[in-house]
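Everything quoted here is computed from the prediction, not taken from an experiment. As the structure lists them, so they are numbered: ligands from 1, and atoms in each ligand from 1.
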Amino acid sequence: MRTLLVIVLGATILSAADKTKSIETKTKVHRLASQQRSAFDAFVYINRIPEKTMDGELPEDFAGRIYGRLANQEGRILLKLPPTMDRKAYFGFKTFLGSEGDAKVANCVSCHSSPSFTDGKSHVVSQGGAAKPTPSLRNSKLSAADLEKVVREKMALSKLKKSGGAPKLAEAYARIVITDADVANLVAFLATLKDVDDKRFRELIIDAKVFDATQPAPVELPATPPVLSGVVRLEGKPPGRRRLNMTSESARLYQKMPLDENVLVGKNGGLANVFVYAKRGVERKQYSVPEKPALLDQQKSMFRPRIQGVRVGQKFIIRNSDPYIHNTRSLSLRNRMFNVGQPPRSADRERVFKRAEGPISLGCDFHKWMAAWIFVVDHPFFAVTDANGNFEIKGLPRGDYTLEAWHEEYGDQRLKVTTAPSGKTELNFEFKSKNQ
Ligand code: HEC
């Protein structure tokens, strides 16, 4: 018999009547006067930022009024940013306005005044050129790279103007003060001026998150992060692998009784399952924790993976994929110990570690051969060696570090390293086999 799958697509179609309704009712957001629909407008709406100049108000006074509002909100951590408007864009907006506390600096707002981001006038903004109308900066077709070019051009012209080298150039260019560090922020801000549809606009408002402007910027990894890599080798003859003494229930899942995985050696003596991490020298910072949980799976009566790094504060999921019961018992010193029993088909369980610690050993009381280890780390600079003993740690900034390599049979080893200016550093570990 054939099974017919009927998929009903629910389509929401805006009727003609909807189109005539005010945007306010369509988005179900009240007190919305503006017709503009960008992330920036959502930001303006949520934080009640003054939208336009009052009669006769100068751009710098308008900017001052906004600065006052922002300072007040920043101090009380009341600001909210819609998704797609990030910290960079926020500071870019401030740079766009001018400079807090110095009314002589009126960067962009003197000509590109909100809400339309044009003053409707013409200005000479090129050396020897004619006056040109100020374009609106909303929905710009320019790419981020082109926007950056425009900003840098304006910076250069402003310098020329200040030195008296361009008398015809618009006077406003003499009042622009932007440093290299501001450019990326300004470009991020300009990107928030792209319109979205009503549905998305509503989401931008509803999903806005509290933003603490007083917190230092989170650490950003460079585009080509430095890499610390190497090989962990086992010198000498590796021990023979023994057949696991599995119970018949577990053994049923295998054709041949599996071998132990205590010491796995690959190409050229490379030692697998070594946890390598920066033990000392890492700058104490708030490194963002992956949203993706770490996973420990119980598969065919083995813990998978056998060893892994988990971040402090990261979700750690424990799963039983087997058709019989397992439990996961942790032996930790600095974190609360746990013993999680999971009958077949039971739901995933979740733990979060509060403190850096490692190795924490994990075992199963029903199946004594099951073993796993985790390192709880408060930074992202760690790796586990692959089948051939290779590891790679990305993003470790230049500096002096102590790296530790830990293996379940051979214990730990530490090496000091100064990461290379080229961004590529090599570091190899060697453990000695006990079977000489
Ligand atoms: C003196 C008034 C004035 C000031 C101040 C000014 N601009 Fe402009 N801007 C213009 C004019 C006029 C043009 C159009 C130039 C042209 O058509 O060649 C322009 C063009 C641009 C464009 C290109 C838009 C497009 O889509 O083609 C961007 C982006 C821009 N300005 C951003 C800024 C930023 C950012 C600042 C502050 C650093 C700033 N402007 C300061 C007058 C000004």
Side-chain angles (χ1 to χ4, degrees), residues 36-41 43-44 49-53 56-67 70 81 84-196:
Q36 309 283 1
R37 288 290 171 268
S38 70
F40 171 72
D41 299 294
F43 164 77
V44 162
I49 309 293
E51 275 179 70
K52 52 179 170 223
T53 49
E57 190 180 35
L58 293 170
E60 54 268 36
D61 295 336
F62 172 58
R65 196 148 59 91
I66 297 177
Y67 267 121
L70 295 180
L81 295 188
T84 73
M85 177 159 178
D86 61 5
R87 175 188 178 87
K88 269 187 178 161
Y90 174 76
F91 285 106
F93 171 50
K94 292 180 82 171
T95 301
F96 189 89
L97 294 174
S99 162
E100 208 165 359
D102 187 353
K104 287 196 293 297
V105 179
N107 281 333
C108 317
V109 77
S110 29
C111 300
H112 299 284
S113 40
S114 66
S116 55
F117 291 90
T118 165
D119 55 2
K121 296 181 188 153
S122 291
H123 306 273
V124 175
V125 293
S126 62
Q127 177 72 312
K132 292 238 176 100
T134 312
S136 162
L137 300 181
R138 286 186 178 274
N139 298 309
S140 168
K141 300 240 155 31
L142 300 180
S143 66
D146 287 337
L147 286 172
E148 174 170 345
K149 240 190 195 137
V150 172
V151 171
R152 290 205 182 270
E153 243 168 59
K154 286 177 190 253
M155 286 165 72
L157 285 166
S158 153
K159 208 166 150 197
L160 195 66
K161 178 74 189 173
K162 286 178 204 159
S163 71
K168 297 238 171 68
L169 204 64
E171 210 46 54
Y173 269 43
R175 300 165 65 199
I176 291 179
V177 180
I178 293 173
T179 66
D180 280 337
D182 299 322
V183 176
N185 291 354
L186 264 176
V187 171
F189 165 66
L190 293 172
T192 67
L193 295 174
K194 285 203 169 51
D195 278 346
V196 296

Rounded to the nearest 0.5 Å, what separation is found between the [atom1] atom of [X] and the [atom2] atom of [Y]?
X: F189; Y: T95; atom1: CZ; atom2: OG1; answer: 10.0 Å
X: I176; Y: S99; atom1: CD1; atom2: OG; answer: 13.0 Å
X: D41; Y: D195; atom1: CG; atom2: CG; answer: 7.0 Å

I would like to know whether S140 and L147 meet side-chain contact (heavy atoms from CB on, under 4.5 Å); could you show each step before the answer?
CA-CA 9 Å; S140 168; L147 286 172; 4.1 Å; yes

Option whose closest heavy atom lies nearest to atom 17 (O) of ligand 1, chosen from H123, E171, K132:
K132

Distance under 4.0 Å to a non-hydrogen atom of [X]: what atoms of ligand 1 satisfy this?
X: I178; value: 38 (C)
X: A170; value: 1 (C)
X: P133; value: 12 (C), 14 (C)

Just say parallel, tilted or perpendicular for the rings of F96 and H112, cut-offs at 30° and 60°.
tilted

Looking only at protein heavy atoms, which one is nearest to [atom], and how far off is it?
atom: atom 29 (C) of ligand 1; value: L147 CD2, 3.6 Å
atom: atom 26 (O) of ligand 1; value: S140 OG, 3.4 Å
atom: atom 27 (O) of ligand 1; value: L142 CD1, 3.9 Å

From CA spacing to verdict: side-chain contact (heavy atoms from CB on, under 4.5 Å), L169, L157
CA-CA 8 Å; L169 204 64; L157 285 166; 3.8 Å; yes

D119 and T134 have their tightest heavy-atom pair at OD1-OG1, 2.9 Å

Ion pair E171/K161, N-O distance below 4.0 Å:
yes

Under 4.0 Å between heavy atoms, the region of S122 that gets near ligand 1 turns out to be neither

Any A106 heavy atom less than 4.0 Å from ligand 1
no

Just do the side-chain contact (heavy atoms from CB on, under 4.5 Å) check on L70 and I49 with the steps written out, would you?
CA-CA 8 Å; L70 295 180; I49 309 293; 3.5 Å; yes

Show all protein N/O/S atoms under 2.8 Å from atom 8 (Fe) of ligand 1, or state that there are none.
H112 NE2, K154 NZ

Residue set satisfying salt bridge (charged side-chain N to carboxylate O under 4.0 Å, His left out) with K154, at least two apart, ordered chain then number -> none

